[in-house]
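Report on one structure; see the data block that follows.
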Amino acid sequence: MRMEWEEEVHSARHVNNLVHCSYMVEKNRKLHNQFDNEASTSSIGASSSGNPIFSGVSIFVDGFTVPSSQELRGYMLTYGGNFENYFSRHRVTHIICSNLPNSKVKNLRAFSAGLPVVKPTWILDSVAARKLLSWVPYQLDQLANNQPKLSAFFTPKNSKLLEDSSNNGLCRIVADIEDSSLRFDQSKDTHSSKADEMVEFKNQSSFESDDILENTDATAIEEPSSVRGNCIEVELAEGEERNVQRELEPSHQGSATSASSRCLDDQNSKERPSSVAMGPSKQCHSTLADPNFVENYFKSSRLHFIGTWRNRYRKRFPIMSTGVNSDSSDVNASDISGRKVVIHVDMDCFFVSVVIRNHPELLDKPVAVSHSNNSKGTAEISSANYPARSYGIKAGMFVRNAKALCPNLVIFPYNFEAYEEVADQFYSILHRRCNKVQAVSCDEAYLEVTVSEGEDPELLASLIREEIFETTRCTASAGIAENMLMARIATRTAKPNGQYHITPEMVDDHLCQLPISALPGIGYVLEEKLKKQNIHTCGELRIISKDSLQKDFGMKTGEMLWSYSRGIDNRLVGVIQESKSIGAEVNWGVRFNDMEDCEHFLIDLCKEVSLRLQGCGVQGRTFTLKIKKRRKDAEEPAKYMGCGDCENMSHSMKIPLATDCVDEIQRIVKRLFGLFHIDVKDIRGIGLQVSKLEGTDASKQGMEKNFLKSWLTSGSTSMRKKNCARVHGEQNLDDTLGQASRDSGGPSVQMDSKMLNDRASSDLISTPPPLCHLDLLKQYIKVKIERDIEEIYICFRLLKR
DNA sequence: ATCCTCCCCTAC
DNA sequence: TAAGGTAGGGGAGGAT
Ligand SMILES: Nc1ccn([C@H]2C[C@H](O)[C@@H](COP(=O)(O)OP(=O)(O)OP(=O)(O)O)O2)c(=O)n1
Ligand SMILES: [Mg+2]
Ligand SMILES: [Mg+2]
Ligand SMILES: [Mg+2]
């Protein structure tokens, strides 16, 4: 996060800012940092007026549940039931309990004395059905001896997508044991000898290994034999799962899986002998040391994982995730049936929750996820659980700073496959419960529902959270409000493992004291600027006129500040849009000694980007190369192998015909790189972005394309000329190759990007293409002629220089 | 006015 | 040792 970036010593670009650290940081443009509603609602169609569903029912909630016992208490009291804070065999009729670790089940069995032990869903479903349902199907799994799981009846067998894992305990076991894979062993060998570190570390390895490696601690494991059995099963299951994933990946080529996260590709490929003695000159985790740096880097990068998740989601939920916004049809929905309500759902400390699922003893201990447990290191915390946050630990912090705040902090490694699986389960549930889902990230989404009089969105939220917990054993929180902004803000209040409804009457009170940084869209920089105007809360922000805000921050940003501070947000919950750009960048471990190193890296980056384009089925026309250049006089980066204090530079170039072809991209990138005139030793980061995307068009690929092209090229030139003239008249030609203008130094401009077009096959085919391709043909001709003309103009321009 | 390029900012 | 990515929104300022 920002605080860690502040550790970089920034060169003063403004004379007077030496005093004020935060001012300096701000001034330095530093391092960029950083349903059918009816269907759904009718299914929950609960009346909030207390229909005495639970008359005669008296519950006792045992242990941790989702929803919480307080929420369950609310439902009981609202619907005519009774809630007991203490267990009494005489007063209690049902024990409510989520699935427990086996160790507790025995106790419970004895203690329940024959009373039904039921999952909380029973209560939610009964409220939804407006009548008391039989508790039998809701019996706690572990108590329903030898009974097949109820859910097994409902799950389609083949379910390749592993959509809803309630189908197999096996899936869970796989994930769980993966959790436990020991990945800190190297650090164990090399780590410093500090005592507390040792202790901490030992704790960790001991609990990690307990589950799979040894059964020495008999009390920790109830059924050692079954654990062993599972171990074997797991390996099989894991293999199967991999095969499934292969099948799912249509363009599975070599090791480079297009549009998939490297993080998921293969974590268990054994580590290469990376520690073979590196000369001290070679920094041993940089591009200099690893010829396959780009690929390996992405495999381990959490930010790469979350950054590429969206594209994987698009593929996995194609119908739900893509398409045009169905805006106008729903605008009037409020007239018809009820009011629109937005629910924002977000997993609690996602990366931590997933990896500590098998360690209930850690629930109330400070835990974080990071690559390294080194108390002196600069590895970043990805996510910290709530106990850890009470020490001030946050995502983005260096481990050494986190450990300084809390020496007992337990660090877990990443498990990207498990995150992916839980995210899939999460979205399967959301899409089943609601037909309007807007994905935000792997752990977060907005839902829109229309509720009629007497219906209760809070119940829907409870049901969803309950199902998420039952399926993933991770908790989620939910915010409910009239618009996306307030729903998101409500989630903050709800966390962890809660939900919160901000009704329209509550909006003003809720915002009034809220720090402006809590508003989405206000990050470090805006917060600092506003602070200087003595604005800290939304209430204070409201005092500033819209004009003034727009003058200071620009039209759109000013408008946003003005509206958000009032709880106004007109955004509609909708399907995510098709992507406008695709890119890849690396700003860690980038070190070059000579041009050869650099070129090698660039080639790999081009390959990566090309594969991502192909994986998404798009091609692009604008290519932007970004370089981070070590600032003059910049210190060594605060972060190990980091980019430190850099100057950001970029050049872009537009080509006439969209491409996804590696070779072509390499040529483009080579030219772009030349424009920088940079000493490769100063490079600390490189990125390549592609925009002006077009779907990879049938007329532009494969045999069809060649066929049409061949036919066209062999055809009469008169036709070509005629069309040329016509198109010329109606087309504006400003769409030309934007030769990066800032730097005119590159005289070596060859027309080597002169394309595809000209390397047509030399075969002459005289038969015309089938009539059904007429439209395709027309389109092709149009595009091609357009491009040809553009190129003529480009040539003309370049020659003129 | 509108577009384009080169940034910066934000969120996960 | 550690894996500081990705994409969208938007502003400033220049070209048209
Ligand atoms: N700087 C960040 C922010 C987030 N993430 C990852 C880890 C998080 O678990 C996940 C989801 O981000 P959230 O913002 O939802 O944070 P958490 O889920 O961890 O916590 P919260 O309970 O506040 O949602 O993204 C990350 O790696 N680095
Ligand atoms: Mg979260
Ligand atoms: Mg989130
Ligand atoms: Mg904010």
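Lettering of chains follows the sequences in order, A, B, ..., and the numbering in each one begins at 1.
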Ring-face cation contact, Y313(A) with R310(A), 6.0 Å cut, 45° max: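 Relative to the ring axis of Y313(A), which defines the angle, R310(A) lies outside at least one limit.
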
Geometric cation-pi criterion, R591(A) with F601(A): 6.0 Å, 45°: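 Output no; distance or angle outside limits.
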
For [X], which contact category applies under a 4.0 Å heavy-atom criterion: base, sugar-phosphate, or nothing?
X	value
K639(A)	base
L693(A)	nothing
F553(A)	sugar-phosphate
S579(A)	sugar-phosphate
G554(A)	sugar-phosphate
E444(A)	sugar-phosphate

Over how many whole Å does the gap from [X] atom [atom1] to [N] atom [atom2] extend?
X	N	atom1	atom2	answer
H304(A)	dG5(C)	NE2	P	11 Å
F293(A)	dG5(C)	CZ	C1'	13 Å
D645(A)	dG4(C)	CG	P	19 Å
F351(A)	dA3(C)	CZ	C1'	13 Å
N587(A)	dG5(C)	CG	P	4 Å
E636(A)	dG4(C)	CD	P	19 Å
K551(A)	dA12(C)	NZ	P	12 Å
M555(A)	dG11(C)	CE	C1'	12 Å

Donor-acceptor pair present, Q689(A) side chain and dG5(C) base, under 3.5 Å: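 Check fails, no donor-acceptor contact within cut-off.
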
Minimum-distance nucleotide to [X] side chain [options: [options]]:
X	options	value
T378(A)	dC9(B), dA2(C), dG8(C)	dA2(C)
Y297(A)	dA3(C), dA7(C), dT6(C)	dA3(C)
T557(A)	dG5(C), dG11(C), dA2(C)	dG11(C)
S650(A)	dC6(B), dA3(C), dG5(C)	dC6(B)
T308(A)	dG10(C), dG8(C), dT6(C)	dT6(C)
L526(A)	dG4(C), dT10(B), dT6(C)	dT10(B)
W588(A)	dA3(C), dA7(C), dT10(B)	dA3(C)
D443(A)	dC12(B), dA7(C), dG4(C)	dC12(B)

Less than 4.0 Å between a side-chain N and a carboxylate O, is that true for [Y] and [X]?
X	Y	result
E585(A)	K628(A)	no
E528(A)	K531(A)	yes
E8(A)	R631(A)	no
R612(A)	E608(A)	yes

Residues within residues 484-492 of chain A bordering DNA chain B, heavy-atom distance below 4.0 Å: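 Hits under 4.0 Å, by residue number: R488(A), R492(A).
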
Close aromatic pair by centroid cut-off 6.0 Å: F426(A) and W309(A):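 Not under 6.0 Å, so no.
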
Between K403(A) and N374(A), a side-chain donor and acceptor under 3.5 Å: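 Their side chains do not contain a donor-acceptor pair, so the 3.5 Å distance test is not met.
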
dC6(B) phosphate, OP1 or OP2, under 4.0 Å from S652(A) side-chain N/O: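 Checking dC6(B) against S652(A), a side-chain N or O does come within under 4.0 Å of OP1 or OP2.
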
Pairs flagged by salt bridge (charged side-chain N to carboxylate O under 4.0 Å, His left out) wherever residues 342-353 of chain A is involved - sequence neighbours left out: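 Qualifying pairs: D346(A)-K495(A), D348(A)-K495(A).
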
Distance between C1' atoms of dC9(B) and dG4(C) (Å, rounded):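 Rounded to whole Å, the distance is 16 Å.
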
